[in-house]
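As the structure lists them, so they are numbered: ligands from 1, and atoms in each ligand from 1.
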Amino acid sequence: MKGLKLPRSRIIATGSYLPDKILTNRDLEKMLDTSDEWITERTGIKERRIADESQAASDLAYEASKVALDRAGLRPEDIDMIIVATVSGDMPFPSTACFLQAKLGASNAVGFDINAACSGFLYGFCIADSFIKSEMYKRILVVGTEVLSKITDWHDRTTCVLFGDGAGAAILEPTDEDRGILSVHINSDGRMWDLLHIPGGGSRNPTAAETVEKRLHYIKMKGNETFKVAVRTLEDLVLRTLEEQGLKPSQLSLLVLHQANLRIIQATAERLGLPMSKFIVNLYKYGNTSAASIPIALDEALISGRIKNGDYILFEAFGGGLTWSSVLIKW
Ligand code: UT7
């Protein structure tokens with residue numbers, strides 16, 4: 001392999017979509033035993049978006065993807081591959097990527113889904129990067145889309161105050177320039193599967209009157225334990241990713257972390273000795289949108305002019321599985 005120069009992949013355009021309906025902490029106070037003060041203090045979240053009754057994950061993905069295609073000046077037929085990361089897909093099967101392909105009219109693409117919870121979008125980057133490097137596929141649409149409001153137990157205050165709906169998309173292409181994806185890391189540890197999962201509706205606990213009655217089709221999370229693993233893992237991952245590239249934390253222009261909890265982002269900033277101004281924070285308005293959180297944050301960072309050519313940007317996510325991932329990009 002020595003001397004062989006593989007193409008790098010770079011993001012040529014992004015897009016995002018958030019449903020119009022806003023559910024505030026004050027609204028939640030009227031629905032269950034919680035308070036704006038508790039939610040703000042423990043998570044940083046103030047409000048979240050909620051999809052319409054008629055909207056499924058592929059509908060949100062479609063809106064975000066259309067924006068990315070328009071900005072890239074591409075037609076849907078120009079896309080070779082569609083990778084959708086979601087835990088709230090339209091149906092158990094077919095894949096949400098197939099629904100999205102049909103909606104877009106991306107007739108030359110192959111589509112499939114990734115199930116890696118909140119890390120799914122970065123897993124998507126990793127897979128897209130490998131296909132681009134191998135020169136099997138050229139133009140890849142990676143989408144994170146979630147309608148978590150439909151798999152959230154609105155009677156469980158330990159989870160329902162956290163989540164929101166939304167979608168984000170990015171289009172990747174090969175480049176010969178000194179930029180693009182520098183490194184990708186994906187990890188999982190299935191021994192901790194029970195920290196974050198949906199027990200019902202699969203082949204372990206097939207849908208039955210009893211599983212519905214026990215509310216097994218909703219997200220269950222051991223929040224406090226997940227929090228501790230997340231802080232430890234994210235710090236290790238940043239340091240490992242940077243060390244490999246010979247970079248110091250101070251050389252990063254921007255960090256785009258999964259938007260689960262402001263305290264997790266603050267703890268990472270503190271441990272790396274970096275100011276919060278280097279971190280994207282938008283969870284106060286969208287909550288935790290799982291696989292959609294990183295691409296929505298990236299899209300907002302680009303639109304608001306926070307990213308310049310040559311910037312080193314680090315993405316990190318952590319979620320059910322457990323899974324965790326990082327991607328380092330030179331813009
Ligand atoms: O996206 C994938 C990865 N996900 C994460 O990384 C999430 C990680 N976890 C977290 O963000 C936090 O653990 C939570 C925000 C979920 C919870 O915060 P916490 O500081 O870990 O609280 P806790 O679970 O230890 O609960 C503290 C107290 C409990 O009461 P007692 O037992 O001390 O009397 C809870 O019953 O807060 C209570 N509580 C609430 N009170 C008001 C839990 N939820 C609520 C609520 N409103 N919504």
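Counting non-hydrogen atoms of neighbouring residues, nucleotides and ligands closer than 6.0 angstrom, the CD atom of E37 exceeds 12 such neighbours.
The ring pair (Phe, Tyr, Trp, His ring centres under 6.0 Å) analysis of residues 190-229, with sequence neighbours excluded, yields the pairs W193-H197. Pairs of residues two or more places apart, or lying in two chains, that qualify as side chain to side chain donor-acceptor pair (under 3.5 Å) and include a residue from residues 10-20 are T14-D299, S16-D299, Y17-Q55. Each salt bridge (charged side-chain N to carboxylate O under 4.0 Å, His left out) pair with one or both residues in residues 214-238, not counting sequence neighbours, appears once here: D153-R215, D194-K222, E210-K214, E235-R271.
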Contact table ligand 1 N or O to protein N or O, d under 3.5 Å:
{"residue": "ligand 1", "atom": "1 (O)", "partner": "H258", "partner atom": "NE2", "Å": "2.8"}
{"residue": "ligand 1", "atom": "1 (O)", "partner": "N288", "partner atom": "ND2", "Å": "2.7"}
{"residue": "ligand 1", "atom": "9 (N)", "partner": "G223", "partner atom": "O", "Å": "3.0"}
{"residue": "ligand 1", "atom": "11 (O)", "partner": "N261", "partner atom": "ND2", "Å": "2.7"}
{"residue": "ligand 1", "atom": "13 (O)", "partner": "G223", "partner atom": "O", "Å": "3.1"}
{"residue": "ligand 1", "atom": "13 (O)", "partner": "N224", "partner atom": "N", "Å": "3.4"}
{"residue": "ligand 1", "atom": "20 (O)", "partner": "R42", "partner atom": "NH1", "Å": "2.9"}
{"residue": "ligand 1", "atom": "20 (O)", "partner": "R263", "partner atom": "NH2", "Å": "3.1"}
{"residue": "ligand 1", "atom": "21 (O)", "partner": "N224", "partner atom": "ND2", "Å": "2.7"}
{"residue": "ligand 1", "atom": "22 (O)", "partner": "R42", "partner atom": "NH1", "Å": "3.4"}
{"residue": "ligand 1", "atom": "25 (O)", "partner": "N224", "partner atom": "ND2", "Å": "3.2"}
{"residue": "ligand 1", "atom": "36 (O)", "partner": "R157", "partner atom": "NH2", "Å": "3.1"}
{"residue": "ligand 1", "atom": "37 (O)", "partner": "W38", "partner atom": "NE1", "Å": "3.2"}
{"residue": "ligand 1", "atom": "41 (N)", "partner": "W38", "partner atom": "NE1", "Å": "3.4"}
{"residue": "ligand 1", "atom": "41 (N)", "partner": "R157", "partner atom": "NH1", "Å": "3.4"}
{"residue": "ligand 1", "atom": "47 (N)", "partner": "T34", "partner atom": "OG1", "Å": "2.7"}
{"residue": "ligand 1", "atom": "48 (N)", "partner": "T34", "partner atom": "OG1", "Å": "3.1"}
{"residue": "ligand 1", "atom": "48 (N)", "partner": "R157", "partner atom": "O", "Å": "2.9"}

Exercise for the section: Show your working on side chain to side chain donor-acceptor pair (under 3.5 Å) between T43 and N261 and close with a plain yes or no. Expected result: CA-CA 5 Å; T43 70; N261 188 317; 5.8 Å; no

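Only one option out of I83, L104, D80 pairs with L141 in a side-chain contact (heavy atoms from CB on, under 4.5 Å); it is L104.
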